[in-house]
Amino acid sequence: MKQQNFLIVVVSYIFYGWWDWRFLSLILFSTFVDYFIGLGLLNQNNQRKRKVLLLTSIIVNLGFLGFFKYYNFFLDNFVTAFSFFGSEIRADSLNIVLPVGISFYTFQTLSYSIDVYKNKLEPTKDFIAFSAFVSFFPQLVAGPIERATHLLPQFYKKRIFDYSQAVDGMRQILWGLFKKIVIADNCAEYANLIFNNSSDYSGSTLVLGALFFTFQIYCDFSGYSDIAIGTSRLFGFDLMRNFNFPYFSRDIAEFWRSWHISLSTWFRDYIYIPLGGSQVGTWMKVRNVFIIFILSGFWHGANWTFIVWGALNALYFLPLLLTKNNRNNLEKVAQGKLFPSLKETFFMLGTFGLTVFAWIFFRANNIEHAINYILCIFSPSLFSIPKFPEIEKALVTIILLIIFILIEWQGREGQYAISKLGIKWKSPLRYTLYYAIIIAIFLFGAKEQQFIYFQF
Amino acid sequence: MRKFINKILFFILPVMLLIYPIDYLISNYISESEDHAMGETKVWKDIYSGKINSGLVVYGSSRAWVQFSSKMIEDSLNISTYNLGIDGHNFKLQYFRHKELLRFNKKPKKIIMSVDIFTLQKKTDLYNHQQFLPFMLWNESIKDYTSSYTGFSTYDFNIPLYRYKGSLNSIKTVIYTLIRREPEIKRIKGYSAIVGNWNNDFYNAKSKNDFYEIKIDSATVNLFEKFINECKNNDIELSLVFSPEFIEGQHYVRNRKELISKYQNLANKYNLQFLDYSNSEICFQKQYYYNAQHLNKNGSELFTKLLIKDLKVNEKMNGEFRNKKVL
């Protein structure tokens with residue numbers, strides 16, 4: 001088991017160092033700090049001193065995150081705020097490279113310190129196992145953000161190869177690749193074209209651009225999660241689920257239970273519930289909801305667009321919470337049925353529409369760009385026929401999207417869309433299905449685009 | 001674990017066995033195509049299969065490709081002619097074409113080098129990269145000449161089929177070739193006439209920028225001089241031709257004069273014939289252009305006639321007064 005963990009640490013460091021070896025020191029430093037803070041918490045009964053240890057972990061981890069990700073943002077905003085009140089200050093922005101995956105592994109290591117502090121988890125004395133937990137390569141750069149309580153114990157036992165788990169992992173990797181290469185990368189071409197030249201296009205084209213981005217971000221991120229989860233399964237690890245068919249949600253609460261689950265549950269467990277969650281007065285509930293949604297937006301990046309995106313989702317969510325309707329749709333939509341009811345379809349489309357609208361802020365370069373984009377959508381040109389270069393080529397992407405949505409719909413009760421597809425078929429037929437997916441990836445694969453969430 | 005590995009191998013085996021034959025077939029069908037990659041593939045195919053062997057060849061960019069009628073030159077000068085103009089590329093890839101021509105074909109007696117404002121500019125994107133697809137697997141020379149451009153990765157050159165990923169155009173070409181659909185003949189002996197009237201390309205460009213300035217790349221200039229020396233050493237007669245541009249387009253390029261004098265100086269330095277059509281009558285007649293840089297079919301035929309006449313005159317003059325401003 002020790003050797004297995006050691007190998008994972010070596011491979012993970014090589015994987016990360018391939019991008020930029022200098023930032024390995026950050027991971028190593030975080031690992032040391034949290035490992036020793038964990039041990040410190042084990043030997044410390046004095047509540048005050050325990051709090052100091054926890055605060056040290058939080059300050060170190062968030063300090064790195066704050067410096068690398070938010071330094072220039074705060075600086076620029078302070079300068080703007082001072083100039084607004086009439087006093088000009090001069091401050092130069094730094095040319096800071098954002099370490100890939102810093103938001104992910106920071107939150108993962110924080111979960112360890114917080115859980116140990118809260119006595120939810122026994123701190124580990126095994127440094128190699130802890131290093132492997134922090135740097136585990138499949139999910140190091142873009143999640144899922146694992147909880148120490150879930151992933152760390154898996155490093156304590158020897159992994160034995162499990163055939164069915166490995167086969168399932170391969171299937172999930174294949175589906176993740178399809179989502180990323182065929183759907184996300186193709187949608188990215190048109191989303192980028194339309195968003196980057198939005199003033200040139202009609203309202204109807206801009207709607208199409210927003211739709212392309214909606215599917216790009218879902219397939220890009222959930223595709224990566226599928227690849228990460230599938231790869232981990234090959235090594236005998238079970239990572240938490242990160243997406244649960246969010247675009248089939250009937251309300252925004254269901255959407256947030258299905259979208260980037262590892263991050264939303266992180267905020268729920270470590271911020272929302274400690275703040276009192278929904279077990280407080282109305283105004284406090286409103287405050288708590290805004291805090292977690294705005295923080296969730298800000299986690300994505302140092303830009304007001306992400307903050308507005310978070311706030312908008314808070315506004316969508318609040319009515320459900322205040323009317324106690326936020327836990328209405330806990331079971332799968334149209335469970336056991338082929339088609340949804342008219343009512344379900346109506347609510348799914350409504351929720352989808354709200355989500356698409358919010359994504360405009362997420363994708364826009366700045367708030368002004370987002371507002372102009374939206375204003376342009378709600379103009380008479382909304383009713384014109386969408387037009388942009390290579391629209392004929394985009395039709396192929398639209399057909400692929402429709403096929404993708406149908407596959408996702410039929411597989412919505414599984415862990416991922418093709419988890420149950422064809423598993424009872426005879427092997428030649430099943431293999432044909434896998435070959436068909438590979439050929440589709442080959443034929444329709446678009447120009448390679450970096451994973452969106454690598455930048456967060 | 002063994003069962004898993006066996007199954008994976010069993011799954012991968014057909015792919016491994018078929019990947020090269022499929023690559024070979026696809027590449028073959030595409031290279032047979034007349035119109036793939038704007039007909040550039042056909043030119044490469046002619047080069048690699050040693051079908052050119054012409055006494056006179058024309059080099060240059062799209063301005064060579066659509067403006068120098070090989071057939072008219074061939075009939076008038078009584079020398080087999082092929083137009084090797086490569087669309088959208090500067091001298092670096094034009095020179096690569098020249099090198100490949102010499103490797104697989106007899107060396108020409110004469111080269112007409114169509115120079116233009118972009119010839120000595122550096123280019124980073126591998127425009128129309130599809131033209132290389134059928135020939136580039138394990139091809140070191142294509143790899144060497146295209147490696148400085150963004151477009152291909154090492155995998156494209158080394159893994160069969162990988163370069164066709166997402167190339168629906170290639171698959172379409174294969175299907176068309178398979179079902180023997182009548183191909184659109186893009187180029188005859190490398191030349192392609194564009195039938196059409198003036199379009200708005202130039203005014204669109206002008207609405208975005210008031211003027212355009214060319215940055216001469218010193219590495220490309222060195223390569224150009226290397227090419228001139230190689231021609232001299234190989235006894236290949238070289239003529240530089242600056243074909244007509246519509247007058248409004250000439251004013252649009254701020255340092256055009258600097259570029260012309262660069263070619264003039266090179267011609268003087270190496271005692272080359274330089275035919276400059278910047279002030280030719282055609283430059284003032286919009287009906288002969290489809291945009292500011294390119295003559296249409298009528299214009300290109302008229303220009304080729306002029307060029308033939310000047311080439312004949314120069315031949316008679318036997319090398320005296322080799323530089324000429326054509327009015």
Side-chain angles (χ1 to χ4, degrees), chain A residues 4 159-171 173-174 177-178 180-189 197 199-200 230 233-236 389-390 392-397 399-400 422 427-449, chain B residues 1-23 25-27 29-30 124-130 133 137 149-156 159-175 178 199-201 204-205 207-208:
Chain A
Q4 283 184 332
R159 272 86 59 190
I160 296 160
F161 187 81
D162 181 327
Y163 174 78
S164 54
Q165 196 185 16
V167 169
D168 194 48
M170 289 294 285
R171 203 164 30 230
I173 292 171
L174 184 63
L177 287 171
F178 177 84
K180 166 66 182 155
I181 298 169
V182 177
I183 306 296
D185 288 353
N186 273 304
C187 286
E189 273 187 39
N197 306 286
S199 55
D200 299 345
R233 301 200 86 192
L234 292 175
F235 292 93
E390 297 194 331
E392 295 84 5
K393 216 179 127 200
L395 286 176
V396 177
T397 303
I399 292 166
L400 288 167
S427 46
L429 204 58
R430 205 170 57 246
Y431 276 32
T432 308
L433 170 73
Y434 301 148
Y435 280 128
I437 295 175
I438 291 170
I439 290 169
I441 291 173
F442 175 76
L443 283 184
F444 302 109
K447 196 176 155 202
E448 286 162 23
Q449 310 266 351
Chain B
M1 173 94 83
R2 183 175 291 176
K3 184 182 168 192
F4 179 74
I5 291 170
N6 284 343
K7 288 241 175 176
I8 291 285
L9 287 177
F10 182 69
F11 185 76
I12 292 173
L13 193 68
V15 179
M16 289 289 133
L17 289 175
L18 292 173
I19 191 165
Y20 181 73
I22 292 174
D23 184 296
L25 282 175
I26 290 177
S27 300
Y29 281 123
I30 293 174
T124 50
D125 69 304
L126 196 56
Y127 172 74
N128 198 9
H129 71 281
Q130 297 225 351
L133 295 180
L137 184 67
Y149 295 85
T150 49
F152 291 128
S153 72
T154 318
Y155 304 126
D156 292 315
I159 304 173
L161 275 185
Y162 188 84
R163 65 197 184 283
Y164 289 114
K165 183 173 85 74
S167 177
L168 285 178
N169 265 345
S170 301
I171 305 305
K172 209 166 91 183
T173 303
V174 171
I175 294 168
L178 272 171
N199 62 32
N200 273 333
D201 287 353
N204 289 340
S207 68
K208 284 179 186 162

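Naming: A, B, ... by sequence-line order, numbering from 1 per chain. Keep in mind it's a predicted model, so treat the numbers as computed, not measured. Side chains included, hydrogens not; waters and symmetry mates left out as well; all remaining heavy atoms used.
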Partners passing salt bridge (charged side-chain N to carboxylate O under 4.0 Å, His left out) against Asp168(A) (at least two apart in sequence or in another chain):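 Here the qualifying residues are Arg171(A), Arg233(A).
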>> My understanding is that only residues two or more places apart in sequence, or in another chain, count here; which of them pass side-chain hydrogen bond (donor to acceptor under 3.5 Å, both in side chains) with Asp185(A)?
In response: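 Once residues adjacent in sequence are excluded, the partners of Asp185(A) under the side-chain hydrogen bond (donor to acceptor under 3.5 Å, both in side chains) criterion are Lys180(A).
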What are the two closest non-hydrogen atoms of Leu168(B) and Leu443(A), and how far apart are they?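 That closest heavy-atom pairing would be CD2-O, 3.7 Å.
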*What is the minimum heavy-atom distance between Ile181(A) and Lys165(B), and which atoms define it?*
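Taking every non-hydrogen atom into account, CG2-NZ, 4.5 Å.
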Does any backbone or side-chain atom of [X] lie under 4.5 Å from a heavy atom of chain B? Answer side chain, backbone, both or neither.
X	value
Ile160(A)	neither
Ile439(A)	neither
Val396(A)	side chain
Ala446(A)	backbone

Task: Stepwise side-chain contact (heavy atoms from CB on, under 4.5 Å) check, Lys7(B) with Tyr431(A) - done: CA-CA 11 Å; Lys7(B) 288 241 175 176; Tyr431(A) 276 32; 3.6 Å; yes
- Supply the atom-to-atom distance Ser167(B) OG to Phe442(A) CZ, rounded to the nearest 0.5 angstrom.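 Spacing of OG (Ser167(B)) from CZ (Phe442(A)) equals 8.0 Å.
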* Would you check if Phe161(A) and Arg2(B) make a side-chain contact, meaning some heavy-atom pair closer than 4.5 Å? =>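 No. Closest side-chain heavy atoms not under 4.5 Å.
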* **Check: Met170(A) and Ile8(B) side chains under 4.5 Å, non-hydrogen atoms** =>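 Yes. Closest side-chain heavy atoms under 4.5 Å.
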Using heavy-atom distances under 4.5 Å, tell me whether Leu161(B) contacts chain A through its side chain, its backbone, both, or neither.
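Both the backbone and the side chain of Leu161(B) come within 4.5 Å of chain A.
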### Message
Using the ring centroid of each side chain, check whether Tyr435(A) and Phe11(B) are separated by less than 6.0 Å.
### Response
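Ring centres of Phe11(B) and Tyr435(A) closer than 6.0 Å.
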